[in-house]
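Let me begin by presenting the structure, written as structure tokens, before commenting on it.
Hydrogens, waters and symmetry mates are skipped; everything else that's a heavy atom, side chains included, is used. So that the names make sense, note that chain A is the first sequence line, chain B the second, and so on, each numbered from 1. All values reported here derive from a predicted model rather than from experimental measurement.
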Amino acid sequence: MQNESQIINLKRDKLKKIRKLGIDPYPNNSERTHKISYLHKHKDQLLEDKESVTITGRIIAIRRHGKLGFANIEDMSGKIQLYVRYDKVGADDYEIYKLCDLGDFVQAEGIAVVTERGEYSLLCHSVKILTKTLRPIPTVKEKMVDGKAVRYDEFADIELRYRRRYLDILLNPEIKSTFIKRANIITFIRNFLNKKEFIEVETPTLQPIYGGAYARPFITHHNTLDIDLYLRIATELYLKRLIVGGFEKVYEIGKDFRNEGMDRSHNPEFTMLELYEAYGDYNTMMDITEAMINGLAIELNNSDDIRFGKHTISFKRPWARRSMIELIKEKTGLDVSDCDSHKMLAFFKENDLEIPSETTPGVLIIELFEHYVEKELIQPTFVTDFPKEVSPLAKSRHDNPMFVERFELFIAGQETGNAFSELNDPIDQKERLLAQAKMREGGDVEASPMDEDFLLAIEYGMPPTGGLGIGIDRLTMLFTDNTSIKEVILFPQMKPEK
RNA sequence: GCAUCCGUAGCUCAGAUGGUAGAGCAGCUGACUCUUAAUCAGCGGGUCUAGGGUUCGAAUCCCUACGGAUGUACCA
């Protein structure tokens with residue numbers, strides 16, 4: 001008689017029983033005098049003073065023994081055992097205790113004691129129910145073996161964990177700490193930038209023209225204006241307008257949306273930090289990136305090093321700064337600084353590499369880099385000097401105008417940041433955006449549309465500026481030793497269940 | 001997109017070669033005034049992801065769909 005819906009019916013019956021006793025299973029008010037962690041911090045004093053305390057929490061284990069029983073309850077700060085005796089709480093409250101299930105929220109008042117078996121507990125004088133659960137909470141049991149918690153019956157189904165993240169957080173403590181860490185990372189970045197006098201801003205998520213990255217957008221519609229709007233793919237073009245306006249240091253931490261493939265490192269919406277500094281360039285962006293992430297490592301781990309899978313990654317400064325050309329030459333022996341596509345194509349053929357659909361020098365160089373170099377860059381490495389044609393918003397190098405002043409930051413083989421000396425020549429910028437628009441007309445769905453309004457702003461004058469983008473999700477993956485972006489996004493995008 | 005693997009009770013899993021589904025935990029009933037994966041006795045619980053096929057017979061073999069994981073491609 002007990003599949004899930006029957007268990008739910010049994011719980012509804014208990015609910016009725018509680019109501020029959022004249023008790024509201026969902027009272028409007030609750031009270032607590034202390035968090036559970038307080039009981040642990042002031043253990044000796046509480047044991048001596050026998051001061052009455054009231055705590056609240058969720059039942060995570062329950063053991064009944066006739067006229068006495070135990071329950072482990074947990075709040076955000078910790079766990080403690082409740083010790084419930086018929087002769088202490090009285091018949092009414094004992095009845096309530098008997099009607100409590102795993103997952104119910106309760107309020108307990110009592111004094112701190114140590115049981116005969118040596119467990120620090122709250123000996124209850126009263127027990128009150130705060131919320132009755134209707135569904136069976138998956139049972140996860142833990143046993144301490146040699147100081148290590150061995151878990152039984154884990155809540156481990158990956159799909160269920162993501163779809164019912166609340167259960168994941170409730171039942172898997174390491175998940176809770178992952179997301180606390182994520183919050184700490186964002187807080188640290190805010191504090192770091194605020195201290196450097198960056199201003200935090202918010203720019204539109206709904207944009208009439210999207211741009212600032214190479215990606216397909218989500219499209220939506222505004223009813224009153226009767227126009228289509230795009231969910232932003234980057235904050236870049238609006239933040240630069242603010243530099244034009246005289247904000248010298250700005251940043252935004254927010255969601256970008258890209259309508260493309262999903263995999264281990266891509267979620268359709270993701271969190272991005274972008275910052276812009278007037279009178280800076282890509283070199284100052286390297287400095288600030290190093291300082292920020294190194295500071296983060298020290299803040300979180302009290303060390304320059306973190307463990308990531310098999311690797312120990314050291315954020316000790318300075319980090320490697322390597323030209324893409326140099327790296328390719330090192331791995332392949334091929335010098336691509338002359339952007340000779342014939343030579344590169346010959347190399348592709350010699351080595352049986354798949355030839356990309358476009359065979360312009362820039363695309364071929366990137367292809368070589370991704371194939372031979374990217375995955376090898378485990379320690380933090382700034383890869384500099386990208387081909388101009390794949391960087392429409394970056395300034396050219398003076399010594400070789402085929403390349404731009406740009407870097408991508410690679411850590412553990414993964415792109416974690418992207419920065420450049422921002423192009424501020426309005427005529428050059430217009431030409432490059434026109435080239436993008438042409439690619440778009442030619443069928444490149446990821447090329448950016450022309451943004452006249454952005455060009456207008458640049459024509460009013462943007463000072464030399466360094467700009468930087470860092471993927472917060474990927475940074476969090478690094479610092480929490482996760483290889484899937486879904487593990488660091490609370491509610492990752494999933495296909496609907498049928 | 002392609003390839004491979006996976007989907008059995010609320011949770012974690014077992015179900016060789018096809019023979020008609022099982023365990024632990026959780027739940028229910030009872031016992032128990034110091035337990036902590038409580039214990040003991042008993043009881044129940046399943047559209048084996050869905051649909052089709054092969055077969056006397058399918059959780060098992062085949063096909064399709066759905067969902068997930070991994071790899072790969074794409075993502076400057």
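- Applying the 4.0 Å criterion to OP1 and OP2 of G68(B), one finds that Arg163(A) has a side-chain N or O inside that range.
- His65(A) and Phe70(A) have perpendicular rings, their planes meeting at more than 60° on a 0 to 90° scale where under 30° would count as parallel.
- As judged by a 4.0 angstrom heavy-atom cut-off over every strand, Leu171(A) is placed among residues making no nucleic acid contact.
- Rounded to whole Å, atom P of A69(B) lies 14 Å from atom CG of Asn482(A).
- Taking the side chain to side chain contact (heavy atoms under 4.5 Å, CB included) definition, one finds that Val140(A) meets it with Arg151(A), Phe155(A), Leu171(A), sequence neighbours left out.
- Near RNA chain B, meaning a heavy atom under 4.0 Å away, the residues from residues 75-100 of chain A are Gln81(A), Tyr83(A), Arg85(A), Asp87(A).
- Taking CG from Asp473(A) and CE from Met272(A), the interatomic distance works out to 9.5 Å, rounded to the nearest 0.5 Å.
- Pairs engaging residues 100-135 of chain A under the ring pair (Phe, Tyr, Trp, His ring centres under 6.0 Å) rule: His40(A)-Tyr120(A) [sequence neighbours left out].
- Which of C25(B), U70(B), A38(B) sits closest to the side chain of His65(A) comes down to A38(B).
- Within the model, atoms NZ of Lys388(A) and CZ of Arg406(A) stand 14.0 Å from one another, a figure rounded to the nearest 0.5 Å.
- The listed nucleotides are A38(B), G68(B), C28(B); the one nearest the side chain of Arg63(A) is A38(B).
- Glycosidic conformation of A16(B): syn, with the torsion inside 90° of 0.
- For A26(B), the OP1/OP2 oxygens have a side-chain nitrogen or oxygen of Lys141(A) closer than 4.0 Å.
- Ranking U36(B), U33(B), U70(B) by closeness to the Glu119(A) side chain, first place goes to U36(B).
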Pairs: protein N or O with nucleotides 73-76 of chain B N or O, under 3.5 Å:
unit_1 : atom_1 : unit_2    : atom_2 : d
C74(B) : N4     : Asp263(A) : OD2    : 3.4
C75(B) : O2'    : Glu260(A) : OE2    : 2.6
C75(B) : O2     : His266(A) : ND1    : 2.9
C75(B) : O2     : His266(A) : NE2    : 2.5
C75(B) : N3     : His266(A) : NE2    : 3.1
A76(B) : OP2    : Tyr214(A) : O      : 3.0
A76(B) : O2'    : Arg406(A) : NH2    : 3.2
A76(B) : N9     : Val390(A) : O      : 3.1
A76(B) : N7     : Val390(A) : O      : 2.5
A76(B) : N1     : Tyr214(A) : N      : 3.1

Can you give the dot-bracket line for RNA chain B, where a pair is Watson-Crick or G-U wobble with both atom distances under 3.5 Å, crossing pairs use [ ], and | marks a partner on another strand?
(((((((..((((.....[..)))).(((((.......))))).....(((((..]....))))))))))))....
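- A gap of 11 Å separates the P atoms of G19(B) and U60(B), to the nearest Å.
- Using a cutoff of 4.0 Å between basic side-chain nitrogens and carboxylate oxygens, Asp87(A) and Lys67(A) are not scored as salt-bridged.
- Listed candidates were G10(B), U12(B), C34(B). Nearest to the side chain of Glu4(A) is G10(B).
- Nucleic acid contact class of Glu154(A) (heavy atoms, under 4.0 Å, all strands): sugar-phosphate only.
- The side chain of Glu116(A) has C34(B) as its nearest neighbour among U70(B), C25(B), C34(B).
- Within the 4.0 angstrom heavy-atom criterion, base atoms lie near Lys67(A).
- Taking only side-chain atoms of Pro138(A), from C-beta outward, the nucleotide of U36(B), C28(B), G10(B) with the closest atom is G10(B).
- Nearest nucleotide to the Thr139(A) side chain, out of U33(B), U12(B), G10(B): G10(B).
- For the pair Lys486(A) and A69(B), the criterion of a side-chain N or O lying under 4.0 Å from OP1 or OP2 is met.
- Distances were taken from every side-chain heavy atom of Met494(A) (C-beta onward) to each of U70(B), G68(B), C34(B); the shortest belongs to G68(B).
- Scored by the salt bridge (Lys or Arg N to Asp or Glu O under 4.0 Å) test, Asp153(A) finds no partners at all (sequence neighbours excluded).
- Relative orientation of the Phe382(A) and Trp319(A) rings is parallel, given thresholds of 30° and 60° on the angle between their planes.
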